Amino acid sequence: MTWRTARKALDSSWPEPGKKLPPRATEVDCYKPVIDETLREDLDAPRKQRHTVTRIFHLLVEEDGADVSYGVACYYIAARKPELLVESGKAPLEAFVPQNHQPGHEAEVDFGDVTIRLAGELVTCYLFSFRLS
């Protein structure tokens with residue numbers, strides 16, 4: 001650690017964001033249009049007739065002669081499916097609902113029985129949980 005790094009740490013309680021590296025080329029890059037087309041077709045297909053990740057991988061290997069690993073294909077498909085759902089309008093862009101509560105105006109309470117092992121013996125205790133917003 002240099003003195004500059006130590007000075008930055010002392011000056012700010014939050015670390016500086018790391019540098020974003022450009023995405024590296026992968027073995028699946030040239031097959032992305034084929035995968036995307038398959039996933040787009042699945043958007044309108046019934047649930048039971050959609051392609052699984054394994055089926056898409058086997059289609060790439062058998063029909064297109066792809067020399068890709070299952071893990072790389074699976075990673076791309078898992079990341080791309082939600083993006084295509086948003087692009088097609090079948091999924092919301094963001095599903096965040098902000099909640100604003102004034103301090104102490106709302107609370108959540110829960111209670112129930114809990115069985116614990118105390119000194120080697122099962123004992124029933126009563127748990128009460130209280131949380132202010």
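All heavy atoms count here, side chains included; hydrogens, waters and symmetry mates do not. Worth saying up front: this structure is predicted, and the values here are computed from it rather than measured.
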Can you name the residues that form a side chain to side chain donor-acceptor pair (under 3.5 Å) with Thr2, not counting sequence neighbours?
-> Thr5
Just by modelled atom types, is the Lys8 backbone N or O under 3.5 Å from a matching donor or acceptor in the Ser12 side chain?
-> no
Could I get the full list of salt bridge (charged side-chain N to carboxylate O under 4.0 Å, His left out) partners for Glu108, not counting sequence neighbours?
-> Arg131
Can you measure from NE2 (His51) to CD1 (Ile77) and round to the nearest 0.5 angstrom?
-> 10.5 Å
Side chains of Thr115 and Val123 in contact at under 4.5 Å (non-hydrogen atoms) | no
Can you name the side-chain contact (heavy atoms from CB on, under 4.5 Å) partners of Arg7, sequence neighbours left out?
-> Leu10, Asp11
Partners of Arg24 by salt bridge (charged side-chain N to carboxylate O under 4.0 Å, His left out), sequence neighbours excluded?
-> none
Qualifying residues under salt bridge (charged side-chain N to carboxylate O under 4.0 Å, His left out), relative to Asp110, sequence neighbours excluded | none
To the nearest 0.5 angstrom, please state how far the CG atom of Leu59 sits from the CD1 atom of Ile56.
-> 7.5 Å
Any residue meeting salt bridge (charged side-chain N to carboxylate O under 4.0 Å, His left out) with Lys19, in chain and number order, not counting sequence neighbours = none
For Leu127, which residues count as a side-chain contact (heavy atoms from CB on, under 4.5 Å) partner, sequence neighbours excluded?
-> Val114
Closest non-hydrogen atom pair, Cys125 against Ile116 = SG-CD1, 3.7 Å
Which atom pairs, donor and acceptor, lie under 3.5 Å between side-chain atoms of residues 67-76 and protein residues at least two apart or in another chain?
residue: Ser69; atom: OG; partner: Glu27; partner atom: OE2; Å: 3.0
residue: Ser69; atom: OG; partner: Val72; partner atom: N; Å: 3.3
residue: Tyr70; atom: OH; partner: Thr54; partner atom: OG1; Å: 3.3
residue: Tyr76; atom: OH; partner: Asp36; partner atom: OD1; Å: 2.8
residue: Tyr76; atom: OH; partner: Asp36; partner atom: OD2; Å: 3.3

Do Val86 and Glu83 have side-chain heavy atoms sitting under 4.5 Å apart?
-> no
To the nearest 0.5 Å, atom CG of Asp42 lies from atom CG of Asp44 at 9.5 Å
Co-members of the apolar cluster containing Leu85 [side chain, <4.5 Å] = Leu43
Who else is in Val109's hydrophobic cluster (ILVMFWY, side-chain heavy atoms under 4.5 Å, direct or via others)?
-> Phe111, Phe128, Phe130, Leu132
Would you please name every residue forming a side-chain contact (heavy atoms from CB on, under 4.5 Å) with Glu41, sequence neighbours left out?
-> Glu37
Sub-4.5 Å side-chain heavy-atom contact between Glu87 and Arg40 | yes
Take Arg80 and Leu39 through the test side-chain contact (heavy atoms from CB on, under 4.5 Å) and record every step on the way to the result.
-> CA-CA 9 Å; Arg80 191 67 178 128; Leu39 292 175; 4.2 Å; yes
For Tyr126, the hydrophobic cluster (side chain heavy atoms closer than 4.5 Å, chained through members) also holds none
